[in-house]
Amino acid sequence: QMRLAESGGGSVQTGGSLKLSCAASGYAHTPQYLAWFRQAPGKEREGVAAIYTLHRLGDRTYYADSVKGRFTISRDSAKSTLYLQMDDLAPEDSAIYSCATSFSMQTKPLSGPYNYWGQGTQVTVSS
């Protein structure tokens with residue numbers, strides 16, 4: 001069974017940066033989709049960024065409009081780790097961030113469904 005473990009969350013001020021990591025283990029094949037989601041108190045979970053790993057030209061990335069130009073998703077296959085570099089953070093980015101993976105070609109990058117989820121890591125941005 002695939003296991004995901006996030007790290008790198010914390011508290012920063014507006015305009016600051018954080019880099020989240022998601023370490024994966026317990027799998028034999030690379031998932032088709034790797035993604036970061038976030039959920040703020042009282043709000044629905046939102047797909048933030050995703051990678052499609054089987055594109056013929058290499059990894060294809062997807063971003064929510066709210067984070068385009070500020071967040072960068074990437075992966076290091078050798079380390080089995082997914083990253084989310086978050087720059088120019090704002091208070092509205094505060095949320096619990098979770099990584100997720102899917103082995104299904106039916107998955108939509110920023111909405112799912114996803115098969116495996118991490119426990120999440122808290123990101124708090126103060127003004």
Side-chain angles (χ1 to χ4, degrees):
Q1 177 133 355
M2 190 169 197
R3 292 174 294 278
L4 304 172
E6 302 93 339
S7 61
S11 297
V12 296
Q13 292 189 327
T14 297
S17 298
L18 282 174
K19 186 173 185 177
L20 306 182
S21 299
C22 172
S25 61
Y27 65 102
H29 305 286
T30 301
Q32 277 87 329
Y33 291 94
L34 314 171
W36 287 97
F37 285 76
R38 67 185 181 186
Q39 187 166 22
K43 294 188 177 181
E44 291 189 359
R45 186 167 59 195
E46 173 189 21
V48 173
I51 293 176
Y52 175 54
T53 65
L54 297 182
H55 194 275
R56 61 183 179 87
L57 298 178
D59 285 355
R60 181 172 180 177
T61 56
Y62 304 82
Y63 294 95
D65 288 342
S66 58
V67 306
K68 274 181 185 175
R70 300 188 300 122
F71 290 12
T72 304
I73 189 172
S74 62
R75 66 179 177 127
D76 185 331
S77 299
K79 296 181 179 179
S80 299
T81 302
L82 178 70
Y83 301 101
L84 185 68
Q85 176 67 45
M86 304 186 296
D87 297 319
D88 193 21
L89 284 162
E92 51 265 36
D93 294 316
S94 297
I96 295 175
Y97 285 71
S98 301
C99 58
T101 62
S102 169
F103 292 89
S104 172
M105 295 301 294
Q106 307 305 313
T107 292
K108 296 182 179 179
L110 297 179
S111 59
Y114 281 81
N115 307 109
Y116 299 98
W117 293 83
Q119 292 297 310
T121 185
Q122 178 71 49
V123 171
T124 303
V125 185
S126 58
S127 57

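Note that the structure is predicted; figures quoted are calculated from it, not measured.
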Chemist: Can you check side chain to side chain contact (heavy atoms under 4.5 Å, CB included) on Ser98 and Glu6, steps first, answer last?
Modeler: CA-CA 7 Å; Ser98 301; Glu6 302 93 339; 3.6 Å; yes
Chemist: If the condition is ring pair (Phe, Tyr, Trp, His ring centres under 6.0 Å), which residues does Phe71 pass it with, not counting sequence neighbours?
Modeler: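 Checked Phe71 against ring pair (Phe, Tyr, Trp, His ring centres under 6.0 Å); zero matches.
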Chemist: If the condition is side-chain hydrogen bond (donor to acceptor under 3.5 Å, both in side chains), which residues does Ser77 pass it with, not counting sequence neighbours?
Modeler: Arg75
Chemist: Residues two or more places apart in sequence or in another chain: which of them pass side-chain hydrogen bond (donor to acceptor under 3.5 Å, both in side chains) with Thr121?
Modeler: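 In terms of side-chain hydrogen bond (donor to acceptor under 3.5 Å, both in side chains), with neighbours along the sequence ignored, Thr121 is linked to no residue.
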Chemist: How many angstroms lie between atom OG of Ser7 and atom CD of Gln119, to the nearest 0.5 angstrom?
Modeler: 13.5 Å
Chemist: Can you tell if the side chain of Gln39 reaches within under 4.5 Å of the side chain of Glu46, non-hydrogen atoms only?
Modeler: no
Chemist: Going by atom types only, do Tyr83 and Thr72 share a side-chain donor-acceptor pair under 3.5 Å?
Modeler: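 Result is no, nothing qualifies.
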Chemist: What verdict does the side chain to side chain contact (heavy atoms under 4.5 Å, CB included) test give for Leu89 and Thr14, after you've listed the backbone C-alpha separation in whole Å, the side-chain angles of each residue and the deciding distance to 0.1 Å?
Modeler: CA-CA 5 Å; Leu89 284 162; Thr14 297; over 6 Å; no
Chemist: Kindly indicate whether the side chain of Val123, heavy atoms from C-beta on, has any atom under 4.5 Å from the side chain of Leu20.
Modeler: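 Yes. Closest side-chain heavy atoms under 4.5 Å.
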Chemist: Taking only residues two or more places apart in sequence or in another chain, which ones pass side chain to side chain contact (heavy atoms under 4.5 Å, CB included) with Ala90?
Modeler: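 Ala90: side chain to side chain contact (heavy atoms under 4.5 Å, CB included) contacts with Glu92, Asp93.
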Chemist: Measure across Ser66 and Arg38 and return the closest heavy-atom pair with its distance rounded to 0.1 Å.
Modeler: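 Taking Ser66 first and Arg38 second, the nearest heavy atoms are OG-NH2, 3.5 Å.
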Chemist: Output the distance between atom NZ (Lys108) and atom OH (Tyr52), rounded to the nearest 0.5 Å.
Modeler: 15.5 Å
Chemist: Tell me, please, which residues at least two apart from Lys43 pass salt bridge (charged side-chain N to carboxylate O under 4.0 Å, His left out).
Modeler: none
Chemist: Mind jotting down which residue pairs meet the disulfide (SG to SG under 2.5 Å) criterion with at least one end in residues 47-95? Sequence neighbours excluded, please.
Modeler: none
Chemist: Looking only at heavy atoms, which two atoms of Ser80 and Tyr27 are closest? And how far apart?
Modeler: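 Closest approach of Ser80 to Tyr27: OG-OH, 3.0 Å.
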Chemist: Please evaluate residues Tyr97 and Met86 with respect to the criterion side chain to side chain contact (heavy atoms under 4.5 Å, CB included), reporting the C-alpha separation (whole Å), side-chain torsions for both, the decisive distance (0.1 Å), and the verdict.
Modeler: CA-CA 11 Å; Tyr97 285 71; Met86 304 186 296; 3.8 Å; yes
Chemist: Can you name the side chain to side chain contact (heavy atoms under 4.5 Å, CB included) partners of Ser17, sequence neighbours left out?
Modeler: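 If we apply the side chain to side chain contact (heavy atoms under 4.5 Å, CB included) test to Ser17, skipping adjacent residues, the hits are Gln85, Asp87.
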Chemist: For Pro91 and Ser127, which heavy atoms make the closest approach, and how far apart are they?
Modeler: CG-CB, 4.0 Å
Chemist: Verify, without hydrogens or angle tests, whether Thr81 (side chain) and Lys79 (backbone) share a donor-acceptor contact under 3.5 angstrom.
Modeler: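 Between the backbone of Lys79 and the side chain of Thr81 there is a qualifying donor-acceptor contact (under 3.5 Å).
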Chemist: Could you work out, with side chain to side chain contact (heavy atoms under 4.5 Å, CB included) as the rule, every residue matching Leu4, not counting sequence neighbours?
Modeler: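 Scan of Leu4 (side chain to side chain contact (heavy atoms under 4.5 Å, CB included), adjacent residues dropped) gives Met2, Cys22, Ala24, Cys99, Thr101, Tyr116.
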Chemist: What's the shortest heavy-atom distance between Pro31 and Ser102, and which atoms?
Modeler: CB-O, 3.4 Å
Chemist: Please list, chain by chain and in numerical order, all residues satisfying side chain to side chain contact (heavy atoms under 4.5 Å, CB included) with Ile73, sequence neighbours excluded.
Modeler: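 For Ile73 the side chain to side chain contact (heavy atoms under 4.5 Å, CB included) partners, ignoring immediate neighbours, are Trp36, Ala49, Ile51, Thr61, Tyr63, Leu82, Leu84.
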Chemist: Quick one: list whatever passes salt bridge (charged side-chain N to carboxylate O under 4.0 Å, His left out) with Arg45, sequence neighbours left out.
Modeler: none
Chemist: Between Asn115 and Phe103, is there a donor-acceptor pair closer than 3.5 Å when you use the side chain of the first and the backbone of the second?
Modeler: yes
Chemist: Would you check if the side chain of Arg60 reaches a backbone N or O of Gly58 as a donor-acceptor pair within less than 3.5 Å?
Modeler: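 It does not hold such a pair.
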Chemist: In terms of hydrophobic clusters joined by side-chain contacts under 4.5 Å, are Leu34 and Leu54 together?
Modeler: no
Chemist: Tell me, please, which residues at least two apart from Asp76 pass salt bridge (charged side-chain N to carboxylate O under 4.0 Å, His left out).
Modeler: none
Chemist: Roughly how far apart are Asp59 CG and Tyr62 OH, rounded to 0.5 Å?
Modeler: 10.5 Å
Chemist: Check ring pair (Phe, Tyr, Trp, His ring centres under 6.0 Å) between Phe37 and all other residues, then give those that pass, not counting sequence neighbours.
Modeler: Tyr114, Trp117
Chemist: Indicate the atoms forming the closest heavy-atom contact of Ala50 with Ala35, along with that distance.
Modeler: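 In this case the closest contact between Ala50 and Ala35 is CB-CB, 3.8 Å.
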